[in-house]
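Report on the following structure.
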There are 2 protein chains.
Amino acid sequence: MQLTSRGRYAVSAMVDLAKHQNEGPITLSSISERQFISLSYLEQLFRKLRENNLVESVRGPGGGYLLAVEPKDITISHIMSAVNETIQTTMCKTDETGCHRGSRCGTHNLWSALGLHIKFFLETVTIQNVCDDKDFLNTLKAVEKTLSKQ
Amino acid sequence: MQLTSRGRYAVSAMVDLAKHQNEGPITLSSISERQFISLSYLEQLFRKLRENNLVESVRGPGGGYLLAVEPKDITISHIMSAVNETIQTTMCKTDETGCHRGSRCGTHNLWSALGLHIKFFLETVTIQNVCDDKDFLNTLKAVEKTLSKQ
DNA sequence: GTTATACCCGACTCTTTTAGTCAAGTTTAA
DNA sequence: TTAAACTTGACTAAAAGAGTCGGGTATAAC
């Protein structure tokens with residue numbers, strides 16, 4: 001199980017964009033240089049980000065990309081799904097090819113709980129949080145404490 | 001990002017084993033039938049589970065596999081790492097090929113927090129819990145409540 | 001109106017990982 | 001002796017991921 005570059009690059013680029021928000025349209029080549037991501041690959045990613053209304057483009061010289069939404073309203077989850085980086089923890093379908101040939105397998109609840117666990121994290125954190133480099137570890141400790149009480 | 005069959009199959013097989021614990025050695029072919037996993041593939045997985053001391057084998061007729069540890073002491077994390085299903089959320093290295101050419105990228109803390117978040121879940125849940133089909137969703141709600149207060 | 005900048009788009013290739021198979025063993029109870 | 005069942009290494013095919021390439025189009029500046 002591995003987080004792919006696609007998702008990580010997309011988030012890095014969006015954070016970069018957020019940090020330079022007040023400088024007008026930001027070119028992909030500048031992001032490319034700062035984030036060590038190839039220009040062609042960025043173009044691919046930004047196509048999807050634009051189609052999902054996370055960024056706006058300005059064409060022509062002096063053009064570039066702008067955030068279409070405030071950083072505090074863009075979650076990691078938004079970005080990840082925009083570039084098709086979905087979190088799949090189950091393979092369960094209702095047909096014959098599904099997790100247990102139609103019926104629920106004994107581990108179904110486990111995997112869907114894991115899926116929700118991850119989903120919640122990604123939906124909670126915004127790129128504003130990342131820009132502020134919010135201390136995620138403190139948040140996590142609170143989670144662990146709660147879980148341990150169960 | 002996707003949980004692969006390897007990890008899911010291994011957990012299913014271990015849960016199956018736990019549920020038939022008191023019946024003596026369990027053959028892979030019986031697990032194969034119950035869990036819809038090919039025998040050859042199971043053999044591959046159980047080699048790793050044995051090498052990691054999670055199961056014991058009994059050879060010859062009447063043989064099979066036994067849990068080497070109590071179900072309450074086997075976490076999902078143990079099983080996953082035994083079959084090399086690791087959770088990689090970062091690509092960070094300290095060399096030139098790392099996340100930001102030596103220095104820390106702006107999203108490093110985000111991804112390592114995600115990694116810890118998942119790790120904690122997998123280390124908390126045991127196969128005993130899965131056998132009992134513990135209500136994971138209630139647990140998760142408590143987590144969400146805690147996080148929302150932040 | 002020409003030019004250069006920078007976004008736009010589809011198709012393609014290369015590599016790695018995963019899933020699953022196969023063909024041999026070896027051990028041991030009956 | 002036989003058959004059940006584990007043991008092992010190697011192999012193949014399919015899928016996904018990472019990244020490239022070669023063209024486009026819009027538009028500001030001159």
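Residue numbering restarts at 1 for every chain, and letters A, B, ... go by the order of the sequence lines.
Of the possible polar contacts, one joining the B:Thr89 side chain to the B:Trp111 backbone as a donor-acceptor pair under 3.5 Å is found.
Looking at residues two or more places apart in sequence or on another chain, you find a side-chain hydrogen bond (donor to acceptor under 3.5 Å, both in side chains) between B:Thr75 and B:His78. In this structure, the side-chain hydrogen bond (donor to acceptor under 3.5 Å, both in side chains) partners of B:Glu123, at least two apart in sequence or on a different chain, are B:Lys119. Listed by chain and residue number, nothing satisfies the side-chain hydrogen bond (donor to acceptor under 3.5 Å, both in side chains) test with A:Ser77 (two or more places apart in sequence, or in another chain).
Atom CG of B:Asn84 is separated from atom C1' of C:dT16 by 15 Å (rounded to the nearest Å). Rounded to whole Å, the distance from CG on B:Leu49 to P on D:dT7 is 11 Å. The separation between A:Phe46 atom CZ and D:dG19 atom P is 16 Å, rounded to whole Å.
For the pair A:Met14 and A:Leu67, the minimum side-chain heavy-atom distance is below 4.5 Å.
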Sugar-phosphate atoms are those with a prime plus P, OP1 and OP2; base atoms are the rest. Using that split, label each nucleotide of nucleotides 22-30 of chain D B, S or - for protein heavy atoms under 4.0 Å, 5' to 3'. --BBBBB--
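Minimum atom distance to the side chain of A:Thr4 is reached by D:dG17, of the listed D:dG17, D:dC6, C:dT21. Nearest to the side chain of A:Tyr41, among C:dC8, C:dA19, D:dG19, sits D:dG19.
Distances shown here put every side-chain N or O of A:Thr27 at or beyond 4.0 Å from the OP1 or OP2 atom of C:dT5.
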List, with names and distances, any nitrogen or oxygen atoms from the protein found under 3.5 Å away from nitrogen or oxygen atoms belonging to nucleotides 9-12 of chain D.
from: D:dG9; atom 1: OP2; to: B:Arg47; atom 2: NH1; distance (Å): 3.4
from: D:dG9; atom 1: N7; to: B:Arg47; atom 2: NH2; distance (Å): 3.0

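If you check every strand for non-hydrogen atoms under 4.0 Å, B:Leu45 touches nothing. Residue B:Ser40 is in base contact, counting any heavy-atom pair closer than 4.0 Å across all strands shown. Here A:Tyr65 lies in heavy-atom contact (under 4.0 Å) with sugar-phosphate atoms only. A:Leu42 comes within contact range of no nucleotide atom at all, as no heavy-atom separation falls under 4.0 Å.
Nearest-nucleotide positions on DNA chain C for B:Leu39 and A:Leu39 put A:Leu39 closer to the 5' end.
For B:Ser30 and B:Arg34, the side-chain atoms include at least one donor-acceptor pair closer than 3.5 Å.
Using bins of under 30°, 30° to 60° and over 60° for the plane-to-plane angle, the ring pair A:Tyr9/A:Tyr41 lands in the perpendicular bin.
Across the helix from C:dG1-D:dC30 to C:dA30-D:dT1, the helix axis at one end is tilted relative to the axis at the other end by 0° (nearest 10 degrees, each axis from five pairs).
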